[in-house]
Amino acid sequence: MGTDEVIIIGAGIGGLSLALMLHERGIKSTIFEAAPQLSPLGVGISVLPHASAQLCELGLREALERTAITARNSCFYTRFGQLVHTEAVGLSAGYDVPQFQIHRGDLQQILASALVARTGTRTIVTGHRCTGFEQRGDKVLVHFVDATGTPLPSVIGSALVGADGIHSAIRSLLHPDDGPPIYSGVNMWRGVTRWKPYLDGASYVRAGWLSHGKMVIYPIRDNIDGQGTQLINWVAEIETPDHTRQDWNRRGRLDDFIHAFEDWHFDFLDVPAMIRAADTILEYPMVDKDPLPWWSKGTVTLLGDAAHPMYPRGSNGAGQAILDARALADALAAGSGKIEAALQEYADQRLPATSRVVQTNRTTPPDVILKVVHERSGDRPFERIEDVIDPAELAAISNSYKAVAGYARDQVRSAT
């Protein structure tokens, strides 16, 4: 690779989006990924309109519409199956772009395929784990090892971007005293289930509350068998003092959490039956990190979960990484070759914005709607939601989060 190329560590959603956006701006990049090959890790992702607009501008709308579920509404229910609040999303809410619900592996494959088609196979280099870097003047020398720990040839570029997730090697090198992720007190079990469509077949459902058990449920693939069956993504969340190291591939045990949902037989979905029918179950603690004081140092910066890991309570982690990528690509394109200034401009824009999202996900994410109703109803069934809370108050909670996260309708730029 040439010394004028941007080196990206991590071929996740953020790293791939950045490489595509840099190519769009005429800037070369190479992604180095520690895994020996790209594989469909994780489960569902909701691509909110602010991020969807950026992907559509990259020419990916058709591929996303073909693969993902185009969401139509977001619904909140009690653990008794009573509707608390519902609102239209994406195109149904008047946005110019869809809101997508998609398997993370599908989204990663769409991004990777587009990048290879536009730039060639050499843009993504697998089997390279970053172990360090040296800033040399206006360049950066990056060191790697293979899966066995054997050193690989170092590479030199004009900038280094750590897009390598919550356990980022680049973040730990920039901030050696950063410390481990902070546990929220909530543990999560995630799975995907082959199931018949519920409600309108395109609904994002949140139900219950963390003290007794909360579920997030939404379809991510449609008609997977030619008979209308969908792939349903679900997350079970329960307050618990115990947790384990963050690993999206840690297998979960049904017996550890199913008790909280045994009586969740809603009129539109048998929740325990759906959970038991899952292909696999993964366990993952809900964690984040305190916002960093700075991201960029010289010719090195951070992006996505490496920069701002957040609780997955606003369907917003991947979206913020995509917004990071847009801001960084634009800053580098406008920087007239002044890399350090461009990286600092990017950080000055995105660090405060993402810090607000991190803090809001801790305090007042959209699912706080369920907390308020849980508390005011005394965790008992009600006759009318209006007897518990003014629906306008629930809508205000949701709209406030949209504004903080950057996807209120007037904030989202129309896609071309």
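On a predicted model such as this, the values are computed, not experimentally measured, just so you know.
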field: side chain to side chain donor-acceptor pair (under 3.5 Å) assessment of N73 paired with S203
entry: CA-CA 5 Å; N73 55 75; S203 295; 2.7 Å; yes

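- A 4.5 Å side-chain heavy-atom check between L174 and V300 finds at least one atom pair inside the cut-off.
- One finds a salt bridge joining E237 and K214 here, because a Lys/Arg side-chain nitrogen approaches an Asp/Glu carboxylate oxygen to under 4.0 Å.
- At a threshold of 4.5 Å between non-hydrogen side-chain atoms, the residues R79 and W209 do not count as touching.
- Of the options D178, D164, D305, D177, a salt bridge (Lys or Arg N to Asp or Glu O under 4.0 Å) to R171 is made by D178 and by none of the others.
- If you take NE2 on H23 and OG on S29, they are separated by 9.5 Å, rounding to the nearest 0.5 Å.
- N361 and Y401 share a side-chain donor-acceptor pair at under 3.5 Å.
- Scanning both residues, G298 and E340, for their nearest heavy atoms gives O-CG, 3.3 Å.
- If you check the side chains of Q135 and T299, you find a donor sitting under 3.5 Å from an acceptor.
- Residues R251 and T280 are in side-chain contact: their nearest non-hydrogen atoms beyond the backbone lie under 4.5 Å apart.
- In the displayed structure, R194 atom CZ is contacted under 6.0 Å by at most 12 heavy atoms of other residues, nucleotides or ligands.
- Aromatic pair F268/Y77: centroids less than 6.0 angstrom apart.
- T30 and E5 form a side-chain donor-acceptor contact under 3.5 Å, judged by distance and modelled atom types alone.
- Counted by atom type alone, Q99 and T70 present zero donor-acceptor pairs between their side chains at under 3.5 Å.
- Taking all atoms of both residues into account, the shortest heavy-atom contact from R190 to G44 is NH2-O, 3.3 Å.
- Looking at every heavy atom in both residues, R409 comes nearest to A93 through NH1-O, 2.6 Å.
- A side-chain contact (heavy atoms from CB on, under 4.5 Å) with L302 is found for exactly one of V161, I170, D324, namely I170.
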task: Carefully, step by step, assess S398 and E87 under the rule side chain to side chain donor-acceptor pair (under 3.5 Å).
output: CA-CA 9 Å; S398 177; E87 60 185 31; 2.8 Å; yes

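- At least one side-chain heavy atom of Y95 sits less than 4.5 Å from a side-chain heavy atom of Y407.
- A heavy-atom distance below 4.5 Å is not found between the side chains of M215 and R206.
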- request: Could you walk me through whether H50 and N316 pass side chain to side chain donor-acceptor pair (under 3.5 Å), step by step?
  value: CA-CA 10 Å; H50 54 359; N316 214 7; 3.0 Å; yes

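- The environment of NZ in K196 is crowded: more than 12 heavy-atom neighbours from other residues, nucleotides or ligands sit within 6.0 Å.
- With respect to the salt-bridge test (charged N to carboxylate O, under 4.0 angstrom), the residues D330 and R326 qualify.
- Pairing each heavy atom of S52 with each of P98, the nearest pair is OG-O, 2.7 Å.
- A donor-acceptor contact shorter than 3.5 Å links the side chain of Q101 to the backbone of P219.
- The nearest pair of heavy atoms linking L173 to G132 is CD1-CA, 3.6 Å.
- A donor and an acceptor atom, one from each side chain of H143 and E134, are located under 3.5 Å apart.
- Checked against the 6.0 Å centroid criterion, the rings of W234 and Y218 do not qualify as a close aromatic pair.
- Judged purely by distance below 3.5 Å, without hydrogens or angles, the side chains of S315 and S46 never pair a donor atom with an acceptor atom.
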message: What verdict does the side chain to side chain donor-acceptor pair (under 3.5 Å) test give for N223 and Q230, after you've listed the backbone C-alpha separation in whole Å, the side-chain angles of each residue and the deciding distance to 0.1 Å?
response: CA-CA 5 Å; N223 195 22; Q230 292 182 321; over 6 Å; no

